[in-house]
Amino acid sequence: MTSIDDTPAGPALSSLRRARDRFLGGRPPGDGVPEDLAQAWRRARFFGVPRDLTAPPRVRPPVDPPLLAAARPALDRVAPTLSGGMGLVLVDSRCRALWSGGGRYAGTSADVAGLDLSEKAVGHNSAALALRTGRRAEVHGPEHFLDLWQEVSAVSVPLYEPAAGRPAGAVTVVAPLAEDRTAHPGAAIAEATAHAVETELLGRARPPERLLLDAYLRQRADGAAVVALDGSSRLVSPEAARLLSHETLTRLERRATALVRDADTGPEGARTGAPAENTGPEGARTGTPAENTGQEGPRSAAPEESAGPEGAHTATPEAIAAPEEFAAPEEFAVPDGAGLTVRMSRLTHGGEVIGAVATVCPAARRARAAERHDHDRLPGLVGTSRPWRLAVSGAMELARSAEPLLLIGEAGVGKTALARALLTLRGAAAPRVVDAAEQVPGEVPRWCHALAEREGGGPPLLLRHAERLGQSDVAALLSLLERRPAVPLVATHTPGAPTGPCLSRLVDILSARSVALPPLRERIDDIPALLTAFTGHPSPGRPPLTWSLDARRALEQHTWPGNVAELAHVVREVAERRRATGPVRREELPYGLRVPPATRRLSGMERAERTAILEALRRHGDNKARAAESLGIGRATLYRKLRAYGMDQA
C-alpha cells in the first residue's frame with residue numbers, strides 16, 4: 001500500500017546545484033549531499049546517461065496494459081482538477097510511461113506512451129525511486145541527473161496490485177520547482193490518486209486474492225514482518241523484505257505451494273505446529289500485538305529443514321463456514337538464523353487452503369540485529385567514513401544470499417578486497433579467482449560447466465575485471481544464469497571500457513544486485529587509517545613510518561586518480577626511499593603530491609599541460625632540467641609555467 005509519511009527535509013537547492021556541478025565536473029559532490037543521492041548520480045554515470053538528453057528515449061509500450069485500464073477512471077477524474085502547471089503521469093513496473101494528463105512540463109510531450117523513465121535511461125527521478133523503494137518519493141530540481149529536469153519537482157507514489165509482492169507501477173505528479181524546497185504541492189493528490197487506483201485494482205481482483213490481501217493487511221496492522229503467499233505470488237512487507245533473504249522467501253513460497261497442493265490431495269501432508277494463540281471467528285493472528293512489534297531482526301534461512309510437531313490439522317466446521325480463517329500456525333526454528341523463528345499459518349476459505357501467511361518472531365529480530373552488529377567490520381577492510389560504511393553495509397546485505405553480486409567502481413577502489421571479505425562472510429569454500437584481464441582461456445566456461453553439473457553447488461567464483469571478458473566467457477555465464485539465476489558469483493567491474501551487446505546484457509543482469517564503491521577522493525577521512533594499515537611492520541632496524549600534519553594535508557588534497565591502490569604505492573615508495581628519521585614531511589612525497597591544488601579554475605588545455613609537467617617531473621626524479629628537456633621547452637619556460645600554475649613552492 002502507499003505511504004503518507006512526510007518527506008524529510010534535505011539540503012538547500014542552491015547547495016545541491018553546486019554539488020551537482022562538482023560531481024558532473026569530475027570532483028566529489030561534497031559532504032552535504034545525502035549518500036543515497038550521490039549513489040544515484042554515480043549509477044547514472046555508470047549507465048552512461050547523457051546529462052544533456054533533450055527527451056527521454058522511447059521503448060515499445062505494452063499493448064492494453066491492465067494497470068492503465070484500472071487506473072484510467074481515476075486519472076481522468078483527477079487530471080482536469082490540476083492547477084499551477086502540474087502534470088500527472090502513470091508508469092508501469094518497468095518505469096515505462098503509460099499515460100499523462102494535466103499541464104505540460106519540461107521533458108514531456110502530449111504522447112508519453114512508451115517513454116522510458118528508468119534510471120538506466122534518464123538517471124535519478126521520483127518514479128524510478130518509488131518503484132525501487134516501494135514508498136513515496138520526491139525528487140526536486142538539481143537532485144535530477146538530467147539538465148532537462150533542473151526546474152522540475154516530482155512526487156511519485158507506488159501502486160500495489162492485490163497479491164503482488166512489488167509495485168506494479170507508480171503515479172507521479174510533476175510541478176514547477178519551488179526554490180524554498182517545501183513538500184511537493186502535489187503529494188496529497190498523488191497519494192489520493194494512488195489509493196483510488198489501488199481500490200479499483202482490488203475490486204477487479206479474484207476473491208481468493210482479496211482474502212489473502214485482507215489477511216496480509218490485518219497482520220501488518222500490528223507492525224509485524226509478514227509475508228503472504230498463495231504459491232504463485234507473494235506480498236512482502238517492508239519489514240520482512242529487510243529481514244528475509246531472497247533464498248528464504250523462495251523457500252517459504254515453495255512451502256506455501258506444498259500446503260495448497262497437500263490440501264488438494266488430503267490432510268496427510270498438512271502438518272501443523274503449536275496451537276494458535278489468538279484464534280477466533282475473525283481469523284487468528286500469530287502472536288500478540290506486543291510480540292509483533294520490535295526492532296529489525298534476522299533474515300530467515302531454510303525453513304523446510306525443520307519440521308513442526310507431529311499431528312495433522314484438518315479444518316474445523318467453523319473454519320469451513322467462515323469466509324476467512326487461519327489454521328493453527330506452524331513454527332520453524334531456522335538453524336542458521338541466529339535464533340530466528342518464522343510462523344506460517346494456512347489460510348482457508350470454503351474448506352480450501354488458498355494460501356499462507358508467515359510472520360517473523362520478535363526474538364529473532366533482536367538476534368539478527370546483534371548478528372549484523374557483529375559483522376559491521378569485515379576482515380581485511382579499512383575505513384570508517386560514511387560513504388565507505390554505506391557501500392560495505394549494502395554489499396553485506398546483498399551477500400547474505402548466495403546470488404550473483406556485482407561490485408562497481410573505479411580502478412583501485414578496493415573491489416577485490418571487499419569481494420574476498422564478502423565471500424569469507426558467507427562461509428563458503430575457497431573461491432576460484434579468475435582475472436579476465438589476464439586473458440586465461442576457458443577458465444570461466446570450465447567453472448560454469450562444473451557448476452551446472454553439480455546441482456548441489458560448487459566453489460564460488462571471484463571474477464575480476466568483468467569488463468574484459470571474452471565472448472566465450474560471456475556466453476557461458478549468460479547460459480548459466482538463464483538456467484540457474486542464483487549462482488555463487490562475485491564480479492568486479494570498472495566502468496569506462498566499451499562493451500559489446502552481449503557483455504552489456506550480462507552487466508545489466510548483474511547490476512540488479514550491485515554496489516558502487518566510492519573513490520578515495522570521496523572518502524578522504526579514511527586516509528589516516530589507510531596509512532596506518534599500509535605502513536605495516538617496519539623493516540628490522542627502521543623506526544615505524546609516521547606522517548607529519550603537513551604531509552597528511554598534502555595527501556588529503558590529492559585527487560587520487562588511482563584511488564587506494566595509488567595510495568598504497570605511494571606509501572611503499574616513500575618507505576623504500578627515505579633515509580631520514582621522524583615523521584614523513586611534505587618534501588619527501590612524490591612531486592605530484594607535494595604540489596598544492598590549482599589556485600584558479602583551469603581550462604582543459606591548461607589542465608593537460610599541468611598534468612604533463614607533473615608527470616615529467618615525477619619521471620625524472622624532480623630534476624627540472626631533464627623534465628624541461630623531455631617536454632621540449634627551455635628551463636626558463638618551465639619555471640614560468642610552474643609559477644603560473646602555483647607549483648613553484650613544491
Side-chain angles (χ1 to χ4, degrees), residues 10-54 106-107 119-125 139-152 177 179 181 385-388 390-391 408-413 494-497 516-527 553-564 566-567 592-593 595-615 644-647:
L13 292 178
S14 58
S15 63
L16 282 176
R17 286 193 181 93
R18 291 191 294 270
R20 178 176 176 272
D21 289 340
R22 287 195 297 269
F23 176 83
L24 294 175
R27 293 176 294 163
D31 296 336
V33 178
E35 181 58 26
D36 55 351
L37 178 57
Q39 289 276 14
W41 288 347
R42 292 191 198 104
R43 286 195 301 271
R45 184 168 59 187
F46 168 70
F47 291 137
V49 178
R51 59 173 293 184
D52 57 352
L53 197 67
T54 57
E119 265 198 323
K120 291 183 179 180
V122 298
H124 188 50
N125 66 88
V139 176
H140 304 273
E143 294 175 334
H144 293 99
F145 186 80
L146 294 186
D147 296 341
L148 178 68
W149 292 335
Q150 293 305 294
E151 301 303 322
V152 170
L177 180 64
E179 286 297 326
R181 204 181 192 278
S385 64
R386 187 168 181 267
W388 179 249
L390 289 175
I408 303 168
E410 298 176 8
V413 295
T494 303
L517 273 62
L520 182 56
R521 60 182 174 274
E522 295 183 12
R523 47 179 294 219
I524 295 300
D525 293 344
D526 289 334
I527 285 182
R553 186 178 294 114
L555 295 175
E556 291 170 357
Q557 290 175 337
H558 188 50
T559 56
W560 296 111
N563 294 293
V564 178
E566 182 185 358
L567 177 61
L593 295 174
V595 177
T599 56
R600 60 182 176 84
R601 188 180 184 89
L602 303 179
S603 67
M605 183 66 71
E606 289 174 324
R607 285 197 303 271
E609 186 177 57
R610 186 178 189 271
T611 301
I613 292 173
L614 288 174
E615 177 60 23
Y645 293 137
M647 301 159 59

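In this text, all values refer to a predicted model and were calculated from it rather than measured experimentally.
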*Is the side chain of Asp525 donor-acceptor paired with the backbone N or O of Ser385 at a distance under 3.5 Å, no angle test?*
no
*Is the side chain of Arg521 donor-acceptor paired with the backbone N or O of His558 at a distance under 3.5 Å, no angle test?*
no
*Spacing of CD1 belonging to Ile527 relative to CG belonging to Leu520, to within rounding of 0.5 Å*: 5.0 Å
*Could you go through the side chain to side chain contact (heavy atoms under 4.5 Å, CB included) check for Leu37 and Arg20 one step at a time?*
CA-CA 10 Å; Leu37 178 57; Arg20 178 176 176 272; over 6 Å; no
*asked:* Nearest 0.5 angstrom please: Phe23 CZ to Leu16 CG, how far?
replied: 13.5 Å
*Considering only heavy atoms from C-beta outward, does the side chain of Leu13 approach that of Leu177 to under 4.5 Å?*
yes
*What heavy-atom pair brings Phe145 and Val122 nearest, and what distance separates the two atoms?*
CB-O, 4.4 Å
*asked:* How long is the straight-line distance from CZ of Arg386 back to CD of Glu35, given to the nearest 0.5 Å?
replied: 6.0 Å
*Atom of Arg42, atom of Pro519 and distance for their closest heavy-atom approach*: NE-CD, 4.4 Å
_CH2 on Trp388 to CG on Asp526, rounded to 0.5 Å_ = 8.0 Å
*With rounding to the nearest 0.5 Å, note down the distance linking OG1 in Thr54 to CG in Leu146.*
10.0 Å
_Can you give me the closest heavy-atom contact between Asn563 and Gly412, atom names plus distance?_
CB-O, 3.4 Å
*Closest contact, heavy atoms only, Leu555 versus Trp560*: O-NE1, 2.8 Å
*Pair Asn125-His144, side chain to side chain contact (heavy atoms under 4.5 Å, CB included): steps then yes or no*: CA-CA 6 Å; Asn125 66 88; His144 293 99; 4.2 Å; yes
*Determine whether more than 12 heavy atoms belonging to other residues, nucleotides or ligands lie under 6.0 Å from atom CG of Asp31.*
no
*asked:* For a quick test of reading the model, state the closest non-hydrogen atom pair linking Glu151 to Arg17 and the distance between them.
replied: OE2-NH2, 4.1 Å
_Shortest non-hydrogen contact from Pro29 toward Trp41_ = CB-CZ3, 4.1 Å
*Just how far is it from atom NE2 of His140 to atom CD of Gln150, taken to the nearest 0.5 Å?*
13.0 Å
*Student check: side-chain heavy atoms of Arg523 and Val413 closer than 4.5 Å*: no
*Do any N or O atoms from the side chain of His124 and from the backbone of Ala40 form a donor-acceptor pair under 3.5 angstrom?*
no
